[in-house]
Amino acid sequence: MAEEKSLNFIEEIIEADLANGKYASILTRFPPEPNGYLHIGHAKSICLNFGLAINYGGKTNLRFDDTNPVTEDTEYVDSIKEDIKWLGFTWANEFYASDYFEQLYQFAITLIKKGLAYVDDSSSEQIAAQKGTPTQPGIENEYRARTIEENLQLFADMRAGKYKDGEKVLRAKIDMASPNMHLRDPLLYRIKHAHHHRTGDAWCIYPMYDFAHGQSDSIENITHSICTLEFIPHRPLYDWCIEQLGIFPSHQYEFARLNLTYTVMSKRRLLQLVNEKYVSGWDDPRMPTISGMRRRGFTAWSIREFCDKIGVAKRENLIDVGLLEFCVREDLNKTALRRMVVLDPLKVVITNYPEGQTEIVTSENNPEDADGGTREIPFCRELYIEQEDFMEVPSKKYFRLAPGQMVRLKSAYIIKCESVVKDAAGTITEVHCVYLPESKSGDDTSGIHVKGTLHWVSALHAVHAEVRLYDRLFKVENLNAAEGDFKDYINPDSLTILPAAYAEPALKAAKFEERYQFLRKGYFAMDKESTPEKLVFNRTVTLRDNWAKAQK
RNA sequence: UGCCCAAUAGUAUAAUGGUAGUACAACAGAUUUUGGUUCUGUCUGUCUAAGUUCGAAUCUUGGUUGGGCAACCA
């Protein structure tokens with residue numbers, strides 16, 4: 001069977017480069033700035049960069065773009081490395097732009113000597129004003145005419161710490177009238193008397209992104225430098241620096257960043273959610289961060305699969321979060337252990353079952369996995385079922401429990417509702433049923449077929465657990481198109497804590513790395529706050545629910 | 001009143017001058033001791049106008065629409 005290979009535009013470029021001998025092998029890089037945690041948008045870039053290298057027999061470097069000491073921190077370095085590893089990727093080298101500071105400084109001197117860079121004493125306001133606007137050309141100032149010798153001396157003095165922050169900058173001398181704003185004498189170096197997370201106080205001048213990124217790519221011999229669309233206008237500058245410096249010609253290619261419905265994807269906004277306590281931290285299970293999703297119970301496979309399914313192109317996109325949910329369900333359906341947990345309990349008394357008697361029923365760990373084995377579940381006279389699985393006055397097509405109606409208790413017996421018990425307020429407190437002894441699972445001679453099967457937990461043996469349910473963090477699909485402050489759209493019901501759900505005893509042995517399907521309620525993972533005394537589970541995602549959908 | 005990028009179904013993404021396909025979503029049905037899973041089927045699309053061509057989603061030009069470009073951020 002001939003395989004259909006359809007390539008994205010970057011794969012096409014790489015195949016062409018490899019086919020015509022431009023490169024013998026490829027080298028990509030993932031270049032995060034260590035000033036925040038990685039999110040699902042970064043996962044797209046990670047899967048792309050590492051995936052390309054894997055598919056075409058190349059390598060990928062991890063390079064921290066740490067050129068702005070005031071916002072960067074080793075806490076972020078550590079989390080980024082952990083997230084990439086967890087996603088399942090291995091970098092060839094761990095590099096830092098700060099490793100290249102001396103080299104970059106020499107590159108700057110090269111430009112000065114070629115008359116292509118100058119020290120400017122203007123303030124940031126003056127520089128901005130002199131830049132003009134997209135529709136009006138900028139103007140050249142007096143510092144632009146400085147001699148090479150003077151620039152060399154001034155730049156050395158900048159490095160030596162003779163000036164205060166903002167007093168001077170080094171700029172490229174390109175074209176103040178360029179229709180591309182980035183070519184209007186862009187800043188190369190600025191003075192920052194700040195402590196750097198790796199170089200400490202060795203430097204008081206730091207290169208700007210445009211004078212660090214492309215050169216770092218070149219130093220590492222990166223063949224394909226892949227970034228997002230907003231860097232398209234930087235490409236002429238990227239190429240200009242490499243050409244003027246005469247160094248290895250890395251090439252930049254741009255793809256459209258990921259946008260997801262009902263969430264935000266900028267580090268600035270995510271940081272705000274953390275700092276202003278809208279969420280409990282970067283790894284809050286509602287966050288679209290890798291660490292948040294991991295805590296929520298997402299699997300690395302599901303994230304990789306998602307990134308594969310969304311594709312890579314140059315058009316702005318807004319991906320339905322439903323696709324992410326599909327991917328995680330697809331994985332968890334095959335791997336999650338089935339367990340029964342009643343989230344919103346209603347007591348059921350089996351009036352014809354002997355008091356004090358307990359029997360053990362067995363149930364498969366995973367019907368999708370023939371080798372998954374079984375577990376034992378205690379059954380007795382008093383049980384809990386979900387409130388929503390009983391209706392005193394059933395609606396049409398409701399085939400759960402109702403007076404006179406029969407249902408199967410999963411892996412146990414068929415029961416029939418005989419009566420209800422109510423308190424003074426008229427609220428149902430107990431449902432009384434009879435069971436059919438000949439209907440036991442695996443040994444059913446009753447000949448009765450019921451449409452509904454319910455999950456249940458023995459009241460005598462139930463284990464208490466806290467269950468945390470999550471909904472989307474925002475109420476609107478497209479936060480980028482929403483007017484005003486994005487925080488106005490936060491969903492107040494994004495977290496529901498059920499402090500006292502009833503779980504079957506097997507869950508006492510729950511493990512962090514295992515995933516569970518609480519029958520009919522969704523997929524769950526144990527939270528990091530869980531203890532043997534107090535189990536805590538996060539709902540990763542609900543099951544598909546055609547019944548609930550039909551009710552709307 | 002500049003420059004750059006993009007436009008295929010509800011959402012994404014293929015088709016690289018020759019049958020518009022796939023996934024998710026939606027809808028209908030079958031199976032089911034999870035209203036889950038699985039299976040089957042259905043619906044919906046080339047922004048627009050002109051041109052090139054035997055033939056255009058694809059090439060050209062104009063238009064329209066969306067996005068980006070001025071931080072001592074990356």
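Quantities reported herein were computed from a predicted structural model and do not represent experimental measurements. Per chain, numbering begins at 1; letters A, B, ... match sequence-line order.
Residue-level contact check: A:Lys309 touches the backbone only, with heavy atoms under 4.0 Å from sugar-phosphate atoms and none from bases. Residue A:Val450 is classed as having no contact, given no heavy-atom separation below 4.0 Å to the nucleic acid. Residue contacts for A:Tyr206: at a heavy-atom cut-off of 4.0 Å it reaches no nucleic acid atom on any strand shown. Base contact: A:Gln517 has a heavy atom under 4.0 Å from a base atom. Looking at heavy-atom distances under 4.0 Å, A:Thr228 makes no contact with the nucleic acid at all. Residue A:Gly442 is classed as a base contact, given a heavy-atom separation below 4.0 Å to a base.
With ring centers used as reference points, A:His196 lies under 6.0 Å from A:Phe101.
By the 4.0 Å N-to-carboxylate-O rule, A:Arg198 lies close enough to A:Asp99 to be salt-bridged with it.
For the OP1/OP2 pair of B:U37 and a distance below 4.0 Å, the side-chain nitrogens and oxygens of A:Arg329 include no atom meeting the criterion. Between A:Lys314 and B:G68 there is no side-chain polar atom (N or O) within less than 4.0 angstrom of OP1 or OP2. Checking the phosphate oxygens (OP1, OP2) of B:C72, no side-chain nitrogen or oxygen of A:Arg171 falls inside 4.0 Å. Close to B:C73, at under 4.0 Å from its OP1 or OP2, lies no side-chain N or O of A:Arg268. Contact annotation: A:Lys451 does not reach the phosphate of B:U33 (side-chain N/O to OP1 or OP2, under 4.0 Å). Put simply, A:Arg184 has no side-chain N or O that comes within less than 4.0 Å of OP1 or OP2 on B:A70. Between A:Arg544 and B:U37, a side-chain N or O to OP1/OP2 separation shorter than 4.0 Å is present. For A:Ser363 and B:U33, the shortest distance from a side-chain N or O to OP1 or OP2 is not below 4.0 Å. A close approach under 4.0 Å does occur between a side-chain nitrogen or oxygen of A:Arg190 and OP1 or OP2 of B:A74.
Heavy-atom minimum distance, A:Leu323 versus A:Ile310: CD2-CG2, 3.8 Å.
Side-chain atoms of A:Glu316 lie closest to B:G67 of the nucleotides B:G67, B:G35, B:C24. Listed nucleotides: B:G35, B:U33, B:U37. Nearest to the side chain of A:Glu368: B:U37. Between B:U13, B:C72, B:G35, one nucleotide has an atom nearer to the side chain of A:Asn546 than all others, and that is B:G35. With B:G36, B:U33, B:C73 as the candidates, the nucleotide lying closest to the side chain of A:Pro367 is B:G36. Among B:C24, B:G35, B:A70, the nucleotide with an atom closest to any side-chain atom of A:Met181 is B:A70. Closest to the side chain of A:Asn317, from the set B:C24, B:C72, B:U13, is B:U13. Taking every side-chain heavy atom of A:Asn68 into account, B:C73 is the closest of B:G36, B:C73, B:A7.
By the 5.5 Å and 30° criteria, A:Trp547 is stacked with the base of B:G35.
Partners of A:Arg257 by salt bridge (charged side-chain N to carboxylate O under 4.0 Å, His left out), not counting sequence neighbours, listed by chain and number: A:Glu230.
On a pure distance criterion of 3.5 Å, no polar donor-acceptor pair joins the side chain of A:Glu254 and the base of B:G68. Under 3.5 Å, the side chain of A:Ser441 and the base of B:U33 form at least one donor-acceptor pair of N or O atoms. In terms of polar N and O atoms assigned as donor or acceptor, the side chain of A:Arg408 comes within less than 3.5 Å of the base of B:U33 in a complementary pairing. A:Arg400 contributes a side-chain N or O that forms a donor-acceptor pair with the base of B:G35 under 3.5 Å. A:Arg338 contributes a side-chain N or O that forms a donor-acceptor pair with the base of B:U34 under 3.5 Å.
Taking atom CG of A:Leu332 as the reference point, atom P of B:U34 lies 19 Å away to the nearest angstrom. Computed from coordinates, the A:Asn35 CG to B:A71 C1' distance equals 14 Å when rounded to whole Å. Look at CZ on A:Arg29: it is 15 Å from P on B:A74, rounded to the nearest Å.
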Self-check item: Test side chain to side chain contact (heavy atoms under 4.5 Å, CB included) applied to A:Arg375 and A:Met340, step by step
Solution: CA-CA 11 Å; A:Arg375 69 192 189 283; A:Met340 293 201 286; 4.1 Å; yes
Quiz item: Do A:Phe524 and A:Phe537 pass the ring pair (Phe, Tyr, Trp, His ring centres under 6.0 Å) test, and can you show the C-alpha distance, the side-chain angles, and the key distance before you say yes or no?
Solution: CA-CA 6 Å; A:Phe524 292 78; A:Phe537 294 96; 7.2 Å; no
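Checking A:Thr453 against A:Leu323, the closest nucleotide of RNA chain B that is more toward the 5' end is the one next to A:Leu323.
Exactly one residue among A:Ser250, A:Ser225, A:Ser216 makes a side chain to side chain donor-acceptor pair (under 3.5 Å) with A:Arg29. That residue is A:Ser225.
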